[in-house]
Amino acid sequence: MFGYLAAAALCLVAVLVLRSDPWSLCEVPGLSSLFPEQCRGQAGRLLSKGELSSYDGGHGSPGLYLAVLGQVFDVQKGMKHYGPGGSYSFFTGKLIGHFYDEYGNPTKALEDALAAIDVGLKLKEKRHEENKQFPPCNSEFSSGISRVWCSKNSGGIQRDWVGVPRKLYLAGFDGYRCVCVRATGPSSENPESEVHDNRGDLDNPSLKEYKDCNPLFDWCLLKE
């Protein structure tokens, strides 16, 4: 599973680099060795699906090509990973004609795919900002009992406060997630305010307390 995620992440990096500056592809660690022809600055050519499918690295194959959103790369050096039977062999062959027309022009499918990537990146950035205000709780499950707690680095967010566990409900999402909430000082909406009730973000309307837990403890045993 880790190998598949790593391959997907590598492909996403390649796509994002290609969008902004195709020639900077070679500057990304790990990509230059996989895409040697592009790094030598050679002009590409259009391939049909049939032509691309023949470059699968198998016996008698003229080479091993990888297509990412219609961009085709020579990954012969990565044969052990992308060839038949390799960890990432499912990435080889199958995209030309869907993202580029016969003249090499981007299709609406490519535009839609890139727009979806943009949306995903914006959502990721939004979640990162939310996590800075409401870091995820630490959690563990043992012998039928769940425990959540907060620390100064829970959720991977380093900070100078610990916080208390709360349920965070977000518009458009079902259910909730456990977050650590700052319980002193001004709210995050008015961090510079000198007039406040010293409750941090405890009064945020998207938050709810855990039942049967002390609201000011930095941990909670879940009985729900």
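Given the structure is predicted, the values throughout are model-derived calculations rather than measurements.
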What pair of heavy atoms forms the shortest contact from [X] to [Y], and how long is it?
| X | Y | answer |
| --- | --- | --- |
| Trp161 | Gln133 | CH2-O, 3.9 Å |
| Val164 | Leu202 | CG2-CD2, 3.7 Å |
| Gly50 | Ser53 | O-OG, 2.7 Å |
| Tyr210 | Cys220 | CB-SG, 3.7 Å |
| Glu51 | Ser54 | O-OG, 2.6 Å |

| request: Please check if any side-chain donor atom of Ser151 sits under 3.5 Å from a side-chain acceptor atom of Asn138, or the reverse. | output: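 Side chains of Ser151 and Asn138: pair found under 3.5 Å.
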| query | Do Asn198 and Thr184 have side-chain N/O donor and acceptor atoms under 3.5 Å apart? | reply |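 Short answer, no.
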| Can you tell me how far OH of Tyr65 sits from CG of Asp56, rounded to the nearest 0.5 angstrom? |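 If I round to the nearest 0.5 Å, the distance is 12.5 Å.
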| field | Separation between CG of Leu110 and CG of Asp101, rounded to the nearest 0.5 Å | value |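 Rounded to the nearest 0.5 Å, the CG-CG separation comes to 11.0 Å.
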| Could you go step by step and tell me if Asp201 and Ser187 meet the side chain to side chain donor-acceptor pair (under 3.5 Å) rule? | CA-CA 5 Å; Asp201 291 317; Ser187 69; 4.8 Å; no
| query | Can you name the residues that form a side chain to side chain donor-acceptor pair (under 3.5 Å) with Glu130, not counting sequence neighbours? | reply |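 Per chain and number, Glu130 pairs via side chain to side chain donor-acceptor pair (under 3.5 Å) with Arg127.
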| Qualifying salt bridge (Lys or Arg N to Asp or Glu O under 4.0 Å) pairs, either residue in residues 133-161, two or more places apart |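 Sorted result for residues 133-161: Glu140-Arg147.
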| Is the Cys137 SG less than 2.5 Å from the Cys180 SG? |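 Judged by the SG atoms alone, which are 2.5 Å or more apart, Cys180 and Cys137 are not bridged.
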Would you call [X] and [Y] a side-chain contact if the rule is heavy atoms closer than 4.5 Å?
| X | Y | value |
| --- | --- | --- |
| Trp149 | Pro165 | no |
| Phe134 | Asn204 | yes |
| Asn131 | Pro136 | yes |
| Val181 | Val179 | yes |
| Tyr100 | Gln71 | yes |
| Val72 | Leu52 | yes |
| Leu69 | Leu114 | yes |

| query | Just one of Leu222, Val148, Leu168 clears the side-chain contact (heavy atoms from CB on, under 4.5 Å) bar with Cys178, so which one? | reply |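 Single side-chain contact (heavy atoms from CB on, under 4.5 Å) partner of Cys178 among Leu222, Val148, Leu168: Val148.
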| task | State whether the number of non-hydrogen atoms from other residues, nucleotides or ligands found under 6.0 Å of Tyr169 atom OH is greater than 12. | result |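 More than 12 within 6.0 Å, yes.
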| said: Do Leu207 and Tyr176 land in one hydrophobic cluster if side-chain heavy atoms of ILVMFWY residues count as linked below 4.5 Å? | reply: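 No, Leu207 and Tyr176 fall in different hydrophobic clusters.
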| request: Say whether, by atom type as modelled, one donor and one acceptor occur between the side chain of Ser61 and the main chain of Gly57 under 3.5 angstrom. | output: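 Flag set: sc Ser61 to bb Gly57 pair under 3.5 Å.
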| task | Kindly indicate, with the supporting measurements, whether the criterion salt bridge (charged side-chain N to carboxylate O under 4.0 Å, His left out) is fulfilled by Lys132 and Glu129. | result | CA-CA 5 Å; Lys132 288 196 295 186; Glu129 291 302 315; 3.3 Å; yes
| query | Is there a salt bridge (charged side-chain N to carboxylate O under 4.0 Å, His left out) between Lys122 and Asp118 once you walk through the steps? | reply | CA-CA 6 Å; Lys122 289 177 181 177; Asp118 281 339; over 6 Å; no
